[in-house]
Engineer: 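This is the structure I have questions about; it appears just below.
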Amino acid sequence: MSNTKIYYTKPSITELEVGYATDAARNGWGDKCYEYIEKFEAKFKEFTGSKYAIATSSCTGAIHMGLAALGIGLDDEVILADTNWIASAAPITYLGAKPIFVDILPDTWCVDPARVEDAITDKTKAILAVHIYGNLCEMDKLLAIGDKYGIPVIEDAAEAIGSYWHDHHAGTLGQFGTFSFHGTKTLTTGEGGMFITNNPELHEKVLALSNHGRAKGQVKQFWPDDIGFKYKMSNIQAAIGCGQMERIDDLVSRKRQIFQAYQAGLRDISGFSMNPEKKGTINGYWMPTVVFEKSTGVVREKLQVLFSKKNVDARGFFYPLSSLPMFDDRLGNLNSWDIPNRAINLPSYHDLTEREIERVGLIIKSSLIKG
Ligand SMILES: *Cc1c(COP(=O)(O)O)cnc(C)c1O
């Protein structure tokens, strides 16, 4: 078998995206400077079933603006899972608020609703549901907790394009949802993000915030009514996004095929679990992930050595955010502190071949051999 390098991620860019980006670079100026942005937002609304969408320069920016629009500020608390990428937590701190890290469920690797409820105080201003690796949070429970305490539930769906909770696309269930189009994501514009909501007031607020605080109805030119942000997407990026949106069904279904190919290849071994797809949900499988049972003795370090020997990128499971130097350890978050030690993300880019999937599967199998 060939030993060429297998990357864990690579975007899928065709002539369609190149053609739109070229057109945007050549013609998308003056009167047409927002044309692809508006098209991209329209396509995104149609795909997710959301009423409003605002294209942004990043998901981090989209979260920042959404939190600001909810009025979150100094000393407020936002509850989220300890298992996360820093981008979900950083915007909370930008506003002077505090991320409260709680433990995850052992099967979905998403926030444990019972721990969320335990963590609620009179400072809690939002519950941030992050659909990790495409897996869905238990939205019914989180929304019920939000209702009970009058706290908004918001969704970071950066990893969950193509994931559905009972026919609702991820990101459309809470007060707002955010997405990322970074180069590693299922849909990419190089860098970029999206803010979606069904709430017209929240939409108006974020629209103004995204444009340096200039309100939509303000007729005075260069007249911000408030201090806002500059988190806009460029027309050229949006042009690439339009091409990707035309191919979204293919991009998502290839993720699902790759996941299923891994599952089929690993059918005859046991002692591990992968991303779940619970009843009533569809998983967009952004990142196929294997978590070994403790009894197997397979640990992160061993996996990393085996993967690197076979020239395959090994991507580690997220460390608990509370283990980072800028936050206080939360050793009580047992799953968040334990699972990363025996887990790995598998390569899953669009053009990965069946042979390459087989090569990765063989490494997984070899890791179970003792010694
Ligand atoms: C990638 C990612 C982000 C950050 O997205 P950017 O577009 O890079 O800001 C935020 N949250 C999650 C869950 C992500 O996976």
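Counting convention: from 1, in listed order, for ligands and their atoms alike.
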Engineer: Does this structure show an ion pair linking Glu117 with Lys141, if we count only N-O contacts that are shorter than 4.0 Å?
Structural biologist: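 Looking at Lys141 together with Glu117, the answer is no, because their closest N to O distance does not fall below 4.0 Å.
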Engineer: Side chain, backbone, both or neither: which part of Thr184 has a heavy atom under 4.0 Å from ligand 1?
Structural biologist: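 No part of Thr184 is near ligand 1 at this cut-off.
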Engineer: Among pairs that include at least one residue of residues 152-177, which meet side chain to side chain donor-acceptor pair (under 3.5 Å), considering only residues two or more places apart or in two chains?
Structural biologist: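 Checked against side chain to side chain donor-acceptor pair (under 3.5 Å) - neighbours excluded - the pairs reaching residues 152-177 are Ser88-Asp156, His131-Glu155, Asp156-Thr178, Gln175-Asn199.
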Engineer: Parallel, tilted or perpendicular: which one describes the rings of Tyr36 and Tyr20, with boundaries at 30° and 60°?
Structural biologist: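 Plane angle between 30° and 60°, so tilted.
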Engineer: Under the rule for side-chain contact (heavy atoms from CB on, under 4.5 Å), what residues qualify as partners of Asn345, not counting sequence neighbours?
Structural biologist: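 Here the qualifying residues are Tyr133, Met287, Thr289, Arg315.
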Engineer: Is ligand 1 under 4.0 Å from a heavy atom in the side chain of Asp156, in the backbone, in both, or in neither?
Structural biologist: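 For Asp156, only side-chain atoms sit under 4.0 Å from ligand 1.
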Engineer: Report the relative orientation of the aromatic rings in Phe44 and Phe40; use parallel for angles under 30°, tilted for 30 to 60°, perpendicular for over 60°.
Structural biologist: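 The arrangement is perpendicular - the two ring planes meet at more than 60°.
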Engineer: For atom 8 (O) of ligand 1, which candidate among Ser57, Gly193, Ser180 holds the nearest heavy atom?
Structural biologist: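 Comparing heavy atoms across Ser57, Gly193, Ser180, the nearest one to atom 8 (O) of ligand 1 lies in Ser180.
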Engineer: If the cut-off is 4.0 Å to any non-hydrogen atom of Gly192, which atoms of ligand 1 fall inside it?
Structural biologist: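 The atoms of ligand 1 under 4.0 Å from a heavy atom of Gly192 are 7 (O).
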Engineer: Distance to the ring centre below 6.0 angstrom and angle to the axis at most 45 degrees; does that hold for Lys255 and Phe259?
Structural biologist: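 Ring-cation test returns no.
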Engineer: Counting from 1, what ligand 1 atoms have a heavy atom of Val130 closer than 4.0 Å?
Structural biologist: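 Near Val130, the atoms of ligand 1 are 13 (C).
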Engineer: Suppose I only count heavy atoms of Ala87 and a 4.0 Å limit; which atoms of ligand 1 are within that range?
Structural biologist: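 Near Ala87, meaning under 4.0 Å from one of its heavy atoms, ligand 1 has 3 (C), 4 (C), 10 (C).
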Engineer: Can you find an N/O atom of Trp286 closer than 3.5 Å to an N/O atom of ligand 1?
Structural biologist: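 Among all N and O atoms of Trp286, none is under 3.5 Å from an N or O of ligand 1.
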Engineer: Looking only at heavy atoms, is any part of Cys59 under 4.0 Å from ligand 1, and if so is it the side chain, the backbone, or both, or is it neither?
Structural biologist: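 Both of them.
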